[in-house]
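Counting convention: from 1, in listed order, for ligands and their atoms alike.
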Amino acid sequence: MKTNPEKIELLYEKAKEAMNKSYSPYSKFKVGAALITKSGKIYTGTNIENASYGLSMCAERTAIFKAVSEGEKDFETLVVIADTDGPVSPCGACRQVIAEFGVDEIVLTNLKKDFKIMSVEDLLPYGFSGEELDDKNSDN
Ligand code: THU
């Protein structure tokens with residue numbers, strides 16, 4: 001699907017609103033995400049930290065898990081924003097979760113509106129997928 005500037009602008013604003021809801025008292029690093037489904041529904045997410053640091057959840061996964069738990073699995077665009085010098089770079093765990101469901105385009109950005117548009121394959125080349133597990137299951 002061709003990148004649509006109005007859709008990106010709307011998702012940018014939604015991701016920024018989500019970023020402002022970040023619960024990040026430990027890192028003070030606020031992240032926001034906005035995900036639009038192929039049917040046009042928008043799910044947002046922010047990062048939610050915990051005093052037990054390893055329990056923290058990233059913004060991207062919050063948005064994806066919210067959507068999937070509402071029965072959505074067909075995604076068009078994911079926008080991710082943070083107050084970084086260049087477009088924010090998603091962590092490895094989020095790349096793996098993004099790849100699980102797929103999304104046509106991932107738009108990485110920041111408060112200065114620097115943009116980087118990537119595919120899942122750009123973000124996670126040679127990633128692990130369920131196909132490996134299918135091969136294993138067919139042996140049994
Ligand atoms: N964080 C995200 O929300 N997304 C990423 O892709 C990178 C990291 C959050 C997790 C933690 O709350 C804070 O940023 C610092 O790592």
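- M118 CE to L123 CG: the interatomic distance, rounded to the nearest 0.5 Å, is 5.0 Å.
- The NZ atom of K66 sits 11.5 Å away from the CD1 atom of I42 when rounded to the nearest 0.5 Å.
- Side-chain polar atoms of T77 and K7 form a donor-acceptor pair below 3.5 angstrom.
- Put simply, V80 and V120 are part of the same group of oily side chains (I, L, V, M, F, W, Y) that touch within less than 4.5 Å, one to the next.
- The closest protein non-hydrogen atom to atom 14 (O) of ligand 1 is F29 CD2, 3.3 Å.
- Any N or O atom pair closer than 3.5 Å counts here, and E60 shares at least one such pair with ligand 1.
- The option with the heavy atom closest to atom 7 (C) of ligand 1, from among S27, C91, A93, G92, is C91.
- A salt bridge links D104 with K38: the distance from a Lys NZ or Arg NE/NH1/NH2 to an Asp or Glu carboxylate oxygen falls below 4.0 Å.
- Scanning all protein heavy atoms for the shortest distance to atom 9 (C) of ligand 1 gives N47 ND2, 3.6 Å.
- Judged purely by distance below 3.5 Å, without hydrogens or angles, the side chains of T44 and E17 never pair a donor atom with an acceptor atom.
- From the protein, the heavy atom lying nearest to atom 1 (N) of ligand 1 is C58 SG, 3.6 Å.
- Counting only heavy atoms of the protein, atom 11 (C) of ligand 1 lies nearest to E49 OE2, 3.2 Å.
- Residue contact check: P90 has heavy atoms under 4.0 Å from atoms 6 (O) of ligand 1.
- The pair K113-E9 meets the salt-bridge criterion, with a side-chain N (NZ, NE, NH1 or NH2) lying under 4.0 Å from an Asp/Glu carboxylate O.
- Among the atoms of A59, some N or O lies under 3.5 angstrom from an N or O of ligand 1.
- The presence of a protein heavy atom under 4.0 Å from atom 3 (O) of ligand 1 is confirmed.
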